[in-house]
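Read through the structure below, which is laid out as structure tokens, and then see the notes.
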Protein chains: 2
Amino acid sequence: MAKRLVDSLREAGYRLTAPRLAIIKVLEAETGHLSPAEVLEKGRAFYPALSRATVYRTLDLLTKLGLLRPIYLGEGNLCFIYPREGHHHLICSKCGMVVDFDECIAAPLGQALSERFGFRIESHLLEFYGLCENCQKDEQKQAGGD
Amino acid sequence: MAKRLVDSLREAGYRLTAPRLAIIKVLEAETGHLSPAEVLEKGRAFYPALSRATVYRTLDLLTKLGLLRPIYLGEGNLCFIYPREGHHHLICSKCGMVVDFDECIAAPLGQALSERFGFRIESHLLEFYGLCENCQKDEQKQAGGD
DNA sequence: TTATAATTGAGACAGAATCTCAATATTAAA
DNA sequence: TTTAATATTGAGATTCTGTCTCAATTATAA
Ligand SMILES: [Zn+2]
Ligand SMILES: [Zn+2]
Ligand SMILES: [Zn+2]
Ligand SMILES: [Zn+2]
């Protein structure tokens, strides 16, 4: 698990530095969805001098290597997810609640697209949007005011 | 087509104002993926006094109503898409190129999740990430430097 | 060890998003 | 129509986010 990010960096010819390791530890420790600000904060537990610029640079680098994915979940914050195969989300477009689920049907389509467009597909995003049970109830009571 | 956004606003009890109409016209005119800044600029063609705050407020509102979806495409800019059924993307994680395609297999899974979690699903996101042909070639030549 | 070049932190900077509040416009009721 | 109640707005201040520069540091291979 820990190996994947580290090895991919190395194989691509990038140096394995203390700041990068701190960031990778954060990404691996959390199963979830981390904003750059959270990565910075948590990363300083491993490497106190960690700077904001380095966090952004490293998240971008890992994204370019296809190891992370930027996504908007719920409350309008960019976050990066470290994709586990077949891990996806159900998001309430009103209150922002996020439900995780592990189930997927995207592989065959991915295969087809890969051939059609000459892409080498590394991962995908599958997110459903809608209203959670609570927000459905709220909706019936009120109309108008937020 | 034009009706959908307008009617949904009304039905949810929100007022139909000139600034909102301008924004809706922009969203309908463009098939693509618009950043808030683009919506502001284009929206001023319909309603010159349109303000940035109103653009953000309206995009958020339409998102809460499940009519728009915030997404990161390619080069790290937030944009909002006005989902057309089965319209999705293939994104190069290195150079940011976006390929559109219209094909989808998410509906049955959506149905199942809806029942399992009590969500009312309104739409979904299905995006594939990988390397485009050019970036695959580049990768073979160099290792290391950006 | 040493040389080389990638990487870093700090802080300046630019741009994006949010907030406040008085002024305005929509809507429903009179 | 007219009016009253209230949602919505624009402008600008403000706060956050993300980028950039550059000298200092550090990983790596020789
Ligand atoms: Zn999947
Ligand atoms: Zn909800
Ligand atoms: Zn998750
Ligand atoms: Zn590419």
Side-chain angles (χ1 to χ4, degrees), chain A residues 5-24 33-44 46-65 68 70-80 96 142-146, chain B residues 5-24 33-44 46-65 68 70-80 96 142-146:
Chain A
L5 293 177
V6 168
D7 289 351
S8 302
L9 265 187
R10 279 229 142 97
E11 280 161 28
Y14 294 97
R15 293 185 179 173
L16 191 58
T17 66
R20 284 177 178 165
L21 260 174
I23 291 166
I24 287 175
H33 338 97
L34 290 161
S35 69
E38 286 169 331
V39 173
L40 177 59
E41 190 199 327
K42 290 177 201 286
R44 283 184 166 158
F46 298 110
Y47 184 81
L50 186 61
S51 83
R52 190 154 41 116
T54 297
V55 168
Y56 280 99
R57 287 189 280 232
T58 303
L59 294 176
D60 285 351
L61 177 57
L62 294 174
T63 299
K64 279 197 181 10
L65 293 175
L68 286 186
I71 178 182
Y72 259 88
L73 287 181
E75 299 295 290
N77 298 58
L78 166 62
C79 45
F80 286 81
Q142 27 159 314
D146 191 54
Chain B
L5 294 176
V6 168
D7 289 351
S8 301
L9 265 187
R10 279 231 141 94
E11 278 161 27
Y14 293 97
R15 292 182 181 176
L16 191 56
T17 65
R20 284 178 179 163
L21 260 174
I23 292 166
I24 286 175
H33 339 98
L34 290 161
S35 69
E38 287 167 331
V39 173
L40 176 59
E41 189 199 327
K42 290 176 200 284
R44 283 182 167 160
F46 298 110
Y47 183 82
L50 186 62
S51 83
R52 189 152 39 116
T54 296
V55 168
Y56 280 100
R57 287 188 282 230
T58 303
L59 293 175
D60 285 352
L61 176 58
L62 294 174
T63 299
K64 281 197 180 9
L65 294 176
L68 285 187
I71 179 182
Y72 255 92
L73 288 182
E75 299 293 285
N77 298 57
L78 166 62
C79 47
F80 286 80
Q142 26 159 313
D146 194 57

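Scope of the values below: all heavy atoms of this structure, side chains included, with no hydrogens, waters or symmetry mates.
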Mind calculating the distance between CD (A:E38) and P (D:dG18) to the nearest angstrom? 12 Å
Nearest heavy-atom pair of B:H33 and B:E38: which atoms, and what distance? O-OE1, 3.7 Å
In whole Å, what is the span from the CG atom of B:L50 to the C1' atom of D:dT8? 13 Å
Taking side chain to side chain contact (heavy atoms under 4.5 Å, CB included) as the definition, give me every residue that meets it alongside B:T54, ordered by chain and number, with sequence neighbours left out. B:P19, B:I23, B:L50, B:S51, B:R57, B:T58
Side chain B:R52 and base D:dG10 donor-acceptor under 3.5 Å: no
Specify the closest pair of heavy atoms between A:S35 and A:C79, including all atoms of both residues, with the distance to one decimal. N-CB, 3.8 Å
Which whole-number value in Å describes the distance from B:E41 CD to C:dG15 P? 15 Å
Between CG of A:D60 and P of D:dT17 the distance, given in whole Å, is 16 Å
Rounded off to whole Å, could you give me the CG-to-P distance for the A:L40 and C:dG9 pair? 10 Å
C:dT7 phosphate, OP1 or OP2, under 4.0 Å from A:R20 side-chain N/O: yes
What is the distance from CG of B:L21 to P of D:dT9, rounded to the nearest Å? 11 Å
Which parts of nucleotides 21-30 of chain D does protein reach within less than 4.0 Å, heavy atoms only, written one letter per nucleotide 5' to 3' as B for base, S for sugar-phosphate only and - for none? B----BBS--
Should B:F80 and B:T63 count as side-chain neighbours, where that means a heavy-atom distance under 4.5 Å? yes
Only counting residues at least two apart or in another chain, list the ones meeting side chain to side chain contact (heavy atoms under 4.5 Å, CB included) with B:L9. B:Y14, B:L16, B:R20, B:I24, B:L61, B:L62, B:L65
Calculate, to the nearest 0.5 Å, the distance between atoms CG and CG belonging to B:L21 and B:L5 respectively. 10.0 Å
Length of the line joining A:L59:CG and D:dT19:P, which is rounded to integer Å: 10 Å
Please report, rounded to the nearest Å, how far the C1' atom of D:dT9 is from the CG atom of B:L61. 14 Å
